[in-house]
2 protein chains.
Amino acid sequence: MKYSQATDYALHAMLYLVAETPDKPVSVQLLAEKLGVSQTYLSKMLTKLVKAGLIHSVSGANGGYKLKRNQDDISFLDVIQAIEGTTSLFECSFHHDSACLIQQVVADAEQQMMQTLKSKKIADLVAHIPKQPHERLT
Amino acid sequence: MKYSQATDYALHAMLYLVAETPDKPVSVQLLAEKLGVSQTYLSKMLTKLVKAGLIHSVSGANGGYKLKRNQDDISFLDVIQAIEGTTSLFECSFHHDSACLIQQVVADAEQQMMQTLKSKKIADLVAHIPKQPHERLT
DNA sequence: TCATTCACAGACTTATCGTATCTATAATAT
DNA sequence: ATATTATAGATACGATAAGTCTGTGAATGA
Ligand code: SF4
Ligand code: SF4
């Protein structure tokens, strides 16, 4: 059970967007180059981020992506949920008259994690971005 | 991103084991019947629980499974990790000289969840077990 | 001792989902 | 108009989850 690699890409892309100039859009071509991933694939994730209202897209020449909200407003949770969705980690596959307590327990725990992820903002790591392009491990 | 259905089965099986008599082993046949799942498939998960040291298996006639440790000692986290494994939720697929902060943030959050799951014991829900066999939703 | 009952292991099939590519279309700047 | 860029859809591939089948070996009890 793991977050998808797409989430990894999205988080890194957001990191670059936060670090870049606040106004001028950044093309997917540049981002893909920095991350060492194909443009078409990365654009899928960026589109999800757009639909989640985190970033804004500009079509046409000199277009690209830029932040939509205030950068201090964008949390890890926002990005992760934009990619992974918001369905809860555990859903009981049974049913009967009373409510499901196992599900309740796991949901509580997941809430703890979400709380933390919500408090951490992407902008918190902005100083951390490496100068060189990323190198893939796998 | 979801826990596997196997985790669902395992949690419910543990619930039954905790509720049953403390000493006499329960056969996989009975458990499978209660949960409405095939014996061979359920036994895979029970074997994982055995290897994780949570339950004990007794071969031969009148055999089955019974708890190994003190029942108050078995947490949700124990069961979940026995099935899902212990690899962390997020692993950065890149590398460079400095340490990975994104990974750190997510790991911290995951730790929060694990903390909660560790504090919740299976035995806490023992009064909750339904009399009737489970009915599958999907 | 012998047959029965059980857990256990491995091979195997199938379905589902993540990963990735390709292509076509629509929007915009020059 | 043309080049540039995002967006959508179709498609292919691989990995993992879900589930079945079969055989093996251990304990029981008759
Ligand atoms: S978790 Fe509890 S409520 Fe949900 S199906 Fe199992 S026993 Fe019923
Ligand atoms: S250290 Fe930070 S920037 Fe570098 S790969 Fe890990 S998450 Fe990405």
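This structure is a prediction, so every number in the text was calculated from the model and none was measured. Protein chains get the first letters and strands the later ones, always in sequence-line order, with residue 1 at the start of each.
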**OP:** Select from B:Glu84 and A:Ala61 the residue whose nearest nucleotide in DNA chain D is closer to the 5' end of that strand.
**Re:** A:Ala61
Original post:
Do any N or O atoms from the side chain of B:Gln103 and from the backbone of B:Cys92 form a donor-acceptor pair under 3.5 angstrom?
Top reply: yes
Original post:
Which nucleotide, D:dT7, C:dT19, C:dA9, lies nearest any side-chain atom of A:Ser4?
Top reply: C:dT19
Subject >> Nucleotide nearest A:Asn62 (side chain, heavy atoms from C-beta), chosen from C:dA29, C:dT28, D:dA26 >> reply: C:dA29
Original post:
Among D:dT7, D:dT20, C:dC8, which nucleotide sits nearest the side chain of A:Ser57?
Top reply: D:dT7
Original post:
Whole Å only: how far is the CE atom of B:Met1 from the P atom of D:dT16?
Top reply: 16 Å
Original post:
Can you find a pair of side-chain heavy atoms, one from A:Phe90 and one from A:Val105, that are under 4.5 Å apart?
Top reply: no
Original post:
Rounding to a whole Å, what distance do you find between B:Gln5:CD and D:dG19:C1'?
Top reply: 11 Å
Subject >> Options D:dT7, D:dT20, C:dA29, nucleotide nearest the side-chain atoms of A:Ser43 >> reply: D:dT7
**OP:** Write down the distance between NZ (A:Lys51) and P (D:dA8), rounded to a whole number of angstrom.
**Re:** 4 Å
Subject >> B:Thr47 side-chain proximity, nearest of C:dA9, D:dT28, D:dA6 >> reply: C:dA9
Original post:
Which nucleotide in the list C:dA27, D:dA18, D:dT20 gets nearest to the side chain of A:Ser59?
Top reply: C:dA27
Original post:
Tell me, do A:Val79 and A:Thr7 make a side-chain contact under 4.5 Å, heavy atoms counted?
Top reply: no
**OP:** Find out whether A:Tyr65 and A:Leu49 are in side-chain contact, i.e. whether some heavy atom of one side chain is under 4.5 Å from a heavy atom of the other.
**Re:** no
**OP:** Please determine, for the side chain of B:Ser27, which listed nucleotide (C:dC22, D:dT20, C:dC6) has the closest atom?
**Re:** C:dC6
Original post:
Per the atom types in the model, does the base of C:dG10 pair as donor or acceptor with the side chain of B:Lys44 at under 3.5 Å?
Top reply: yes
Original post:
Picking from D:dC21, C:dA7, C:dT21, which would you name as closest to the side chain of A:Tyr41?
Top reply: C:dT21
